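As the structure is a prediction and not an experimental result, all values here were calculated from the model. Letters A, B, ... mirror the listed sequences (proteins, then strands); counts begin at 1.
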There are 2 protein chains.
Amino acid sequence: MHETARGEWRPTPQRAAVLEALRAADGFISAQALHAALVADGVTVGLTTVYRTLRLLETAGHVDVVRDSDGERLYRPRPDDGHRHYLVCRECGLSLAVDAEEVERWVTRIQRDIGFHAVNHTVELTGVCDGCLSGQADRRPDS
Amino acid sequence: MHETARGEWRPTPQRAAVLEALRAADGFISAQALHAALVADGVTVGLTTVYRTLRLLETAGHVDVVRDSDGERLYRPRPDDGHRHYLVCRECGLSLAVDAEEVERWVTRIQRDIGFHAVNHTVELTGVCDGCLSGQADRRPDS
DNA sequence: CTTAATGCAAAATCTTTGCATGAAC
DNA sequence: GTTCATGCAAAGATTTTGCATTAAG
């Protein structure tokens, strides 16, 4: 090996397309939906490649990953200033970044108080946005 | 209907066993692990029944559910004073309930400010406890 | 006796892997 | 010319559903 030891990235049309589609989709999107969008756009790419590319992006820390209520992984390009938390509409998928400073501080304090190390936190907020509040009344808030 | 309108609960040995095993396991446990434990204990119960019972408990709000990194659902009997948040050790599974009042308040305010309704929140904290901090250095904090 | 619960096997998902072909360096 | 990426099909894994049998009210 005479070049980049680790970091063997190889730019291919498929990877570029996945990245572009990922950024085009606003909010979180599943691997399958992303693949469908790509195919619909006329891009020739296999579902396998979409999964593999997303896994690479995840490993490299370039996407945030959450899970929906079915356990499906949803991806979103990470805003370049670190990780964020989102409030996602269960009905239309609208996702808004929320100010999570308080939570960040809370996590830091908990970590120190309890004596844990390398604490990761995941905060997922789902609700129903104003626009979608028209004719539905199943889930109640569980707070 | 002359009795309990909804709430058609039918106490069976299997359901009792699932509940007992769930309480016996300290910390979060998967449906499959729970089933394995039951079978190992000599209880005759099908995996299907375990899943169905856990789903009922979840609907009734009697268990907290989180997902591990493989997307597997993990269940834990809910302490009878509402829902809680836990800090779980990635190494040994030790789980501690943490004071989450601040987060609850934060969620309430976000909900009001942004104009969302029926907001659910999931907060998952994972780290490494003091006891396990002896020889391991893979995941870094992502905060 | 009527209604619901059980459990096996099969189905339905989402995701990963084996392997031959084709593209990138 | 090597080495890595692609993509199909098949395998893996977790959870749900169909349906006949059994148990509870």
Visitor: Test of understanding: clusters of I, L, V, M, F, W, Y form through side-chain heavy atoms closer than 4.5 Å, transitively. Do B:Leu74 and B:Val63 belong to the same one?
Guide: no
Visitor: Kindly write out the residues that satisfy salt bridge (charged side-chain N to carboxylate O under 4.0 Å, His left out) with B:Arg55, not counting sequence neighbours, or none if the list is empty.
Guide: none
Visitor: Quick one: pull up OH in A:Tyr51 and CZ in A:Arg73 and give me the separation to the nearest 0.5 Å.
Guide: 9.5 Å
Visitor: About how many Å separate OG1 of A:Thr53 and CD of A:Glu58, when rounded to the nearest 0.5 Å?
Guide: 12.5 Å
Visitor: Could you pull out all residues at least two apart from B:Glu102 that satisfy salt bridge (charged side-chain N to carboxylate O under 4.0 Å, His left out)?
Guide: A:Arg109
Visitor: Using side-chain heavy atoms (C-beta onward) and a distance below 4.5 Å, is B:Val50 in contact with B:Tyr75?
Guide: no
Visitor: Base, sugar-phosphate, or nothing: which does B:Thr44 touch, judged by heavy atoms less than 4.0 Å apart?
Guide: sugar-phosphate
Visitor: Could you write nucleotides 9-20 of chain C as a row of B, S and -, 5' to 3', where a protein heavy atom under 4.0 Å of any base atom gives B, of only sugar-phosphate atoms gives S, and otherwise -?
Guide: B----SBBB---
Visitor: Would you check if the distance from the ring center of B:His121 to the ring center of B:His85 is below 6.0 Å?
Guide: yes
Visitor: Could you state the atom-to-atom distance from CG of A:Leu38 to P of D:dG7 in whole Å?
Guide: 11 Å
Visitor: Using the C1' atoms of five pairs at each end, what's the angle between the two axes of the helix from C:dC1-D:dG25 to C:dC25-D:dG1, to 10 degrees?
Guide: 30°
Visitor: Expressed in angstrom and rounded to an integer, what is the separation of B:His35 atom NE2 from D:dA13 atom P?
Guide: 17 Å
Visitor: Identify, residue by residue, the members of residues 11-19 of chain B with a heavy atom below 4.0 Å from DNA chain C, and return them in order of residue number, or none.
Guide: B:Thr12, B:Gln14, B:Arg15
Visitor: Rounding to an integer number of Å, can you tell me how far A:Arg10 CZ sits from D:dC4 C1'?
Guide: 4 Å
Visitor: So do B:Leu96 and A:Ile114 actually touch side chain to side chain, heavy atoms under 4.5 Å?
Guide: yes
Visitor: Please tabulate, for the side chains in residues 14-21 of chain B, all donor-acceptor contacts under 3.5 angstrom to protein atoms that are two or more places apart in sequence or on a different chain.
Guide:
unit_1, atom_1, unit_2, atom_2, d
B:Arg15, NH1, B:Arg10, O, 3.4

Visitor: Quick check: do B:Leu54 and B:Val65 have side-chain heavy atoms less than 4.5 Å from each other?
Guide: no
